[in-house]
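Contents: one structure, followed by commentary.
Numbering of residues begins at 1 and proceeds along the displayed sequence.
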Amino acid sequence: MNSVIVNPPTQPIRTEIRLASSKSESNRALIINALTQFKGQLENISSARDTQTMMRLLQSSDVVADVLDAGTTMRFLTAYFAVTNQHKTMTGTPRMCERPIGILVDALRILGANITYKQNEGYPPTELNGFQYSGQNHLTIRGDVSSQYISALLMIGPMLPDGITLELTGEIGSRPYIEMTLQQMRAFGVTHEANWEAKTIRVPAQHYTPTHYAIESDWSGASYWYSLVALAKDAEVELLGLKENSLQGDSAIVKIMEHMGVKSVFTKRGVLLTKIPAEKAFAWDFTDCPDLAQTVAACAAVAGIEVTMTGIESLKIKETDRVGALQAELPKIGGELVELEQNTKYIVRRKAETPATPPSTPVIETYDDHRMAMAFAPVGMVFPVEISEPHVVAKSYPSFWDDLKKVTTIA
């Protein structure tokens, strides 16, 4: 199936959705559990392709570890395989091999990992050739590039003879993801000392304790349903399995969508979404929740809400250059993403004198990016929209299209 067309619903939307479990929590739990010699019990593991790839590679004895297009899997496994002294070749899709890994490799080399690049310096594929602890456990690492590097190092920190101390430089991006990592480590018995003002995190040498750990539903996946409720004429959706006090940074969608016309009421089963009046304009810093930016941009473009966006620099090194992808696709639905200050400040808005409904069904390219497909699908609540390569959702939310069929027609 090369494309799907999402059509506006013909009746009010009343439904409940059991969301996919969190890919972010699942991937961290899998690494931590592996460091207990797989003695813990994990419940509600994500069915996302990235997580299933992680599970497969953790159990595989193959020398080549092909992560496909899974950035988190690449970064976490590189650190895990290094510290556990495994000899592996780390590789992935052509796009994966364009995504930088040099900051993590440099840090692992300081700790004692023998890692070489097989093609381009600073990028996969890499070859891991063993680990001999160097005695250096105090690392200085940029906080503004990818929190996944930091999380990868924190999780292996307890395994080092002297533990690990990270000193973060610059702004700290996606801090909730770092805190998620630390809280999951604590669930497995590992303590830490974090001084966010001094930008240091210390994890002493210690052992993980095997435990029973249940994964929460995915707030990133929830964001598409928030957008759907915001754009639909009449909608009430209960999302099951979400917690009000979540570890996930993308739970910020609750506050973001209050500006865009969605009220959240937490229930015993999850969260109930209903419609409220939307604001005409607001600003949001996506530093701690960059994966929400595409959803918000597509929703705002159709709803006619001006959103000033900061903290989206990291989007350029994701599955695709997401800033470029948004600038290419938003005009098809009557919107635009304009750069106000180079690489730091943008505004998404409706283009002047744009008709409410496009003259023909817009075809949205997805660029091998699951979030492009799911961010633009709710546009179909207002007018038909065609999404190319819909299979890309398997990366994080394999049942997305089946769930969407519960509320509208998909051709």
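- The one candidate from T51, L42, T72, N44 that meets the side-chain contact (heavy atoms from CB on, under 4.5 Å) condition with S26 is T51.
- The minimum heavy-atom distance linking S220 with R371 is given by the pair CB-NH1, 3.6 Å.
- Of the N and O atoms on the side chains of T267 and E238, at least one donor lies less than 3.5 Å from an acceptor on the other residue.
- The ring pair (Phe, Tyr, Trp, His ring centres under 6.0 Å) test applied to Y226 returns no partner, not counting sequence neighbours.
- The number of heavy atoms from other shown groups lying within 6.0 Å of CG (N195) is above 12.
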Please evaluate residues T84 and Q86 with respect to the criterion side chain to side chain donor-acceptor pair (under 3.5 Å), reporting the C-alpha separation (whole Å), side-chain torsions for both, the decisive distance (0.1 Å), and the verdict. CA-CA 6 Å; T84 53; Q86 299 189 49; 3.1 Å; yes
Please lay out, stage by stage, how H370 and Y397 fare under the test side-chain contact (heavy atoms from CB on, under 4.5 Å). CA-CA 8 Å; H370 55 133; Y397 191 165; over 6 Å; no
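- In terms of heavy atoms, R56 sits closest to D66 at NH2-O, 3.6 Å.
- Contact of the I387 side chain with the M372 side chain is not registered, since no non-hydrogen atoms from C-beta on lie closer than 4.5 Å.
- A distance of 11.0 Å separates CG in L30 from OG1 in T53, rounded to the nearest 0.5 Å.
- Electrostatic pairing of R175 and D288 does not count as a salt bridge here, judged by no charged N lying under 4.0 Å from a carboxylate O.
- Between P290 and I312, the closest side-chain pair of non-hydrogen atoms is not below 4.5 Å.
- With no hydrogens or angles considered, no side-chain donor-acceptor pair links E336 and Q327 at under 3.5 Å.
- Within a 6.0 Å sphere centred on NE2 of H138, heavy atoms belonging to other residues, nucleotides or ligands number more than 12.
- The shortest side-chain heavy-atom distance between V363 and S388 falls under the 4.5 Å cut-off.
- You'll find the side chain of S217 stays beyond 4.5 Å of the side chain of L239, heavy atoms only.
- Nearest heavy-atom pair, L240 versus R18, reported as atom, atom and distance to 0.1 Å: CD1-NH2, 3.8 Å.
- Side-chain contact of R142 with T169: a donor-acceptor pair under 3.5 Å is absent, judged by distance alone.
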Evaluate the side-chain contact (heavy atoms from CB on, under 4.5 Å) criterion for residues W284 and V296: first the C-alpha distance (whole Å), next the side-chain angles of each, then the deciding distance (0.1 Å), finally the verdict. CA-CA 10 Å; W284 198 268; V296 172; over 6 Å; no
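- The local environment of NZ in K351 is sparse, with at most 12 non-hydrogen atoms from other residues, nucleotides or ligands closer than 6.0 Å.
- Just one residue in the list C289, S22, S251 forms a side-chain contact (heavy atoms from CB on, under 4.5 Å) with W219, and that residue is S251.
- Side-chain contact check for M381 versus S227: every heavy-atom pair is 4.5 Å or farther apart.
- Closest approach of A301 to L330, counting heavy atoms only: CB-CD2, 3.9 Å.
- Nearest approach of L77 to M90, heavy atoms of both residues: CB-CE, 3.9 Å.
- D162 and Y133 share a donor-acceptor pair across their side chains, judged by distance under 3.5 Å alone.
- Atoms CG and OG1, from N33 and T211 in turn, are 9.5 Å apart once rounded to the nearest 0.5 Å.
- Counting heavy atoms of neighbouring residues, nucleotides and ligands inside a 6.0 Å radius, atom NZ of K199 exceeds 12 of them.
- Counting only heavy atoms from C-beta outward, the side chains of R269 and E16 approach each other to under 4.5 Å.
- Ring-plane geometry between Y208 and F188 is classed as perpendicular, the angle between the planes exceeding 60 degrees on a 0 to 90 degree scale with a lower cut at 30.
- The closest donor-acceptor contact from the side chain of E306 to the backbone of I347 lies at 3.5 Å or more, if one exists at all.
- Each of K23, K395, R322 was scored for a salt bridge (Lys or Arg N to Asp or Glu O under 4.0 Å) with D291, with one residue passing: R322.
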Evaluate L404 against Y224 for side-chain contact (heavy atoms from CB on, under 4.5 Å), listing each step before the verdict. CA-CA 10 Å; L404 197 58; Y224 313 116; over 6 Å; no
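- Between T36 and P210, the shortest heavy-atom distance links the atoms CB-CG, 4.0 Å.
- Partners of K345 by side chain to side chain contact (heavy atoms under 4.5 Å, CB included), not counting sequence neighbours, listed by chain and number: T308, T310, L340, E341.
- No donor-acceptor contact under 3.5 angstrom links the side chains of Q148 and Y177, judged on distance only.
- Using a 3.5 Å distance cut-off with no hydrogens or angles, the side chains of T344 and E313 do not pair a donor with an acceptor.
- Annotation: the span from M96 atom CE to D368 atom CG amounts to 13.0 Å, rounded to 0.5 Å.
- In this structure a side-chain-to-backbone donor-acceptor pair under 3.5 Å is missing from E389 to D369.
- Remark: side-chain polar atoms of E216 are paired, donor with acceptor, to backbone N or O of K243 under 3.5 angstrom.
- Among the candidates T287, D144, I178, the single residue satisfying the side-chain contact (heavy atoms from CB on, under 4.5 Å) test with I172 is I178.
- L153 has its side chain within reach of I164: a pair of non-hydrogen atoms, C-beta onward, lies under 4.5 Å apart.
- Distance alone, capped at 3.5 Å, places no donor-acceptor pair between the K263 side chain and the L272 backbone.
- Tested against Y213 for a side chain to side chain donor-acceptor pair (under 3.5 Å), the candidates E43, E25, Q41 yield a single pass: E25.
- Salt bridge E258/K255: absent, no basic N to carboxylate O contact under 4.0 Å.
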Chi angles and distances behind the side-chain contact (heavy atoms from CB on, under 4.5 Å) call for L35, M159: CA-CA 8 Å; L35 291 168; M159 314 303 294; 4.0 Å; yes
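- When side chains are defined from C-beta on, W225 does not count as touching I253, because their heavy atoms never get closer than 4.5 Å.
- Judged by distance alone, the side chain of R99 and the main-chain N or O of R95 form no donor-acceptor pair under 3.5 Å.
- Using modelled atom types and a 3.5 Å distance limit, the side chains of E386 and T361 yield no donor-acceptor pair.
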Distance-only donor-acceptor pairs under 3.5 Å for side chains of residues 105-132, two or more places apart:
residue	atom	partner	partner atom	Å
R109	NE	I115	O	3.1
R109	NH2	I115	O	2.8

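- Around CD of E339, the count of heavy atoms belonging to other residues, nucleotides or ligands within 6.0 Å exceeds 12.
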